[in-house]
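Throughout, residue positions are numbered sequentially from 1 according to the sequence presented.
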Amino acid sequence: MSIIMLRLLQIKNGTKYRREVMAKRGRPRTFNSDDALKKAMLEFWSQGYENTPMSSLIKTMKLNATSIYAAYGSKEALFLKAVDLYCRNDGSRIWSAVQSASYPIEVVTELLHKSAEEFTRPNQPKGCLIIMASAISSSSSPSVYQKLKKLRANNERVLIKRFEETKTISELESDKPISHWKSVAKFYLTVQQGMSIQARDGAKPAELLDIAENAISAWDAINEKSFVK
């Protein structure tokens with residue numbers, strides 16, 4: 001075999017080897033990762049974590065499984081990144097409104113009114129991604145379970161902090177201990193979670209606002225006594 005023929009064979013075999021390696025590793029990342037992540041977020045938001053199969057993600061992200069795993073590592077890792085994206089964007093609008101409140105009752109009003117608006121926003125899945133994906137056991141996916149639990153606990157801490165920051169403005173509310181505000185926060189977050197489920201079931205913005213107003217109307221009665229004895 002001539003040197004030229006040997007060299008051509010080496011080149012051919014080398015090209016074949018590189019193709020095999022690339023096939024195993026998946027295509028080079030030529031897609032827009034931010035756009036793909038947003039598509040995944042909407043899919044998880046629409047179906048929840050456990051009810052979203054890889055086949056749905058492949059279809060909505062327009063990527064093959066190898067590319068998804070190469071870019072994000074696993075379905076769990078992809079979901080956690082999608083949750084972070086949701087918290088930075090769609091979910092943050094509710095909590096930005098909460099930060100603008102000047103009185104404790106305004107904290108609750110902003111929370112529930114903004115939730116009614118965001119949970120029924122057109123052209124997106126209804127309800128809250130964090131709430132709708134929370135129906136997951138700790139054993140089936142510990143990292144997802146812990147992430148969602150941590151986010152819910154953080155929402156409670158934020159609400160309690162806002163109550164504490166604004167409570168001295170009202171004489172009725174200023175003498176309440178932290179345990180009271182924790183109970184109040186749990187109550188209104190439970191209302192918010194119920195609003196998310198109602199939105200997913202088709203409730204209109206006006207219907208969610210009625211729920212919000214009914215809960216807000218209980219404010220004075222709630223603050224006349226602490227839930228914790």
Side-chain angles (χ1 to χ4, degrees), residues 26-100 107 110-112 114-162 185-186 188-190 192-193 195-197 199-200:
R27 296 178 301 172
R29 191 183 301 182
T30 58
F31 60 90
N32 185 316
S33 59
D34 291 337
D35 182 60
L37 182 59
K38 183 175 181 180
K39 290 176 180 177
M41 179 195 76
L42 292 172
E43 193 70 14
F44 284 126
W45 190 353
S46 177
Q47 299 194 59
Y49 174 72
E50 291 188 330
N51 291 330
T52 301
M54 279 301 300
S55 58
S56 292
L57 293 169
I58 289 169
K59 182 178 180 180
T60 193
M61 296 172 76
K62 294 181 172 58
L63 297 171
N64 59 42
T66 305
S67 295
I68 292 174
Y69 284 121
Y72 302 103
S74 65
K75 177 185 170 183
E76 281 190 16
L78 175 59
F79 176 76
L80 296 177
K81 289 181 182 296
V83 167
D84 288 339
L85 177 63
Y86 175 84
C87 291
R88 289 195 305 270
N89 294 285
D90 301 271
S92 68
R93 290 191 288 265
I94 294 173
W95 296 99
S96 293
V98 167
Q99 293 297 330
S100 70
V107 172
E110 291 292 344
L111 172 73
L112 299 184
K114 193 64 175 176
S115 293
E117 176 186 339
E118 293 298 324
F119 292 172
T120 56
R121 186 178 287 273
N123 303 317
Q124 70 177 33
K126 305 308 178 188
C128 168
L129 169 60
I130 309 303
I131 296 170
M132 302 313 299
S134 293
I136 180 172
S137 68
S138 59
S139 59
S140 62
S141 182
S143 61
V144 170
Y145 175 83
Q146 290 299 327
K147 175 75 170 184
L148 298 177
K149 181 180 178 180
K150 182 178 179 180
L151 288 171
R152 293 192 300 271
N154 184 65
N155 288 344
E156 183 178 309
R157 283 192 295 270
V158 169
L159 211 55
I160 293 169
K161 182 180 179 183
R162 293 299 294 131
K186 286 182 179 295
Y188 283 106
L189 286 172
T190 300
Q192 184 204 34
Q193 291 161 8
M195 289 170 63
S196 176
I197 295 172
R200 180 57 59 90

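You'll find the side chain of L78 reaches within 4.5 Å of the side chain of I68, heavy atoms only. The side-chain heavy atoms of R121 and R93, taken from C-beta on, include a pair separated by under 4.5 Å.
Both tests pass for K75 against the ring of Y49: distance under 6.0 Å to the centre and angle within 45° of the axis.
The structure places CZ of R200 at 10.5 Å from CD1 of I131, a figure rounded to the nearest 0.5 Å. Distance check: W95 CH2 to E118 CD gives 13.0 Å after rounding to the nearest 0.5 Å. Distance check, rounded to the nearest 0.5 Å: CD of Q124 to CZ of F119 gives 10.5 Å. For the atom pair S96 OG and Q99 CD, the distance stands at 7.5 Å (nearest 0.5 Å). Separating the CE atom in M61 from the CE atom in M41 is a distance of 12.0 Å, to the nearest 0.5 Å. With rounding to the nearest 0.5 Å, the separation of OH in Y72 from CG in L63 is 7.0 Å.
C128 approaches S196 most closely through the heavy-atom pair N-OG, 2.9 Å. What you find for K126 and A199 is that their closest heavy atoms are CB-O, 3.4 Å. Of all non-hydrogen atoms in I160 and A185, the two that sit nearest each other are CG1-CB, 3.8 Å. Heavy-atom minimum distance, S143 versus L80: O-CD2, 4.2 Å. Here the closest heavy-atom approach between residue R152 and residue S134 is recorded as NH1-OG, 2.8 Å.
Inspection of the E43 and T52 side chains reveals no N or O donor paired with an N or O acceptor under 3.5 Å.
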Inset, instruction - Output, in order, the C-alpha distance, side-chain angles, deciding distance and verdict of side-chain contact (heavy atoms from CB on, under 4.5 Å) for N154 and K150. - result: CA-CA 6 Å; N154 184 65; K150 182 178 179 180; 5.6 Å; no
Inset, instruction - Would you sort out whether Q193 and I197 count as a side-chain contact (heavy atoms from CB on, under 4.5 Å), showing the intermediate values? - result: CA-CA 7 Å; Q193 291 161 8; I197 295 172; 5.8 Å; no
Legend entry - L111 and L159: CA distance, side-chain angles, deciding distance, side-chain contact (heavy atoms from CB on, under 4.5 Å) verdict: CA-CA 9 Å; L111 172 73; L159 211 55; 4.0 Å; yes
Legend entry - Trace of the side-chain contact (heavy atoms from CB on, under 4.5 Å) decision for K38 with N89: CA-CA 11 Å; K38 183 175 181 180; N89 294 285; over 6 Å; no
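Test D84, L85, V83 against C87 for side chain to side chain contact (heavy atoms under 4.5 Å, CB included) and you get one pass: V83.
In terms of modelled atom types and a separation under 3.5 Å, the side chain of W45 and the main chain of G127 share a donor-acceptor contact. A donor-acceptor pair is defined here as one N or O able to donate and one able to accept, closer than 3.5 Å; no such pair exists between the side chain of S46 and the backbone of L42.
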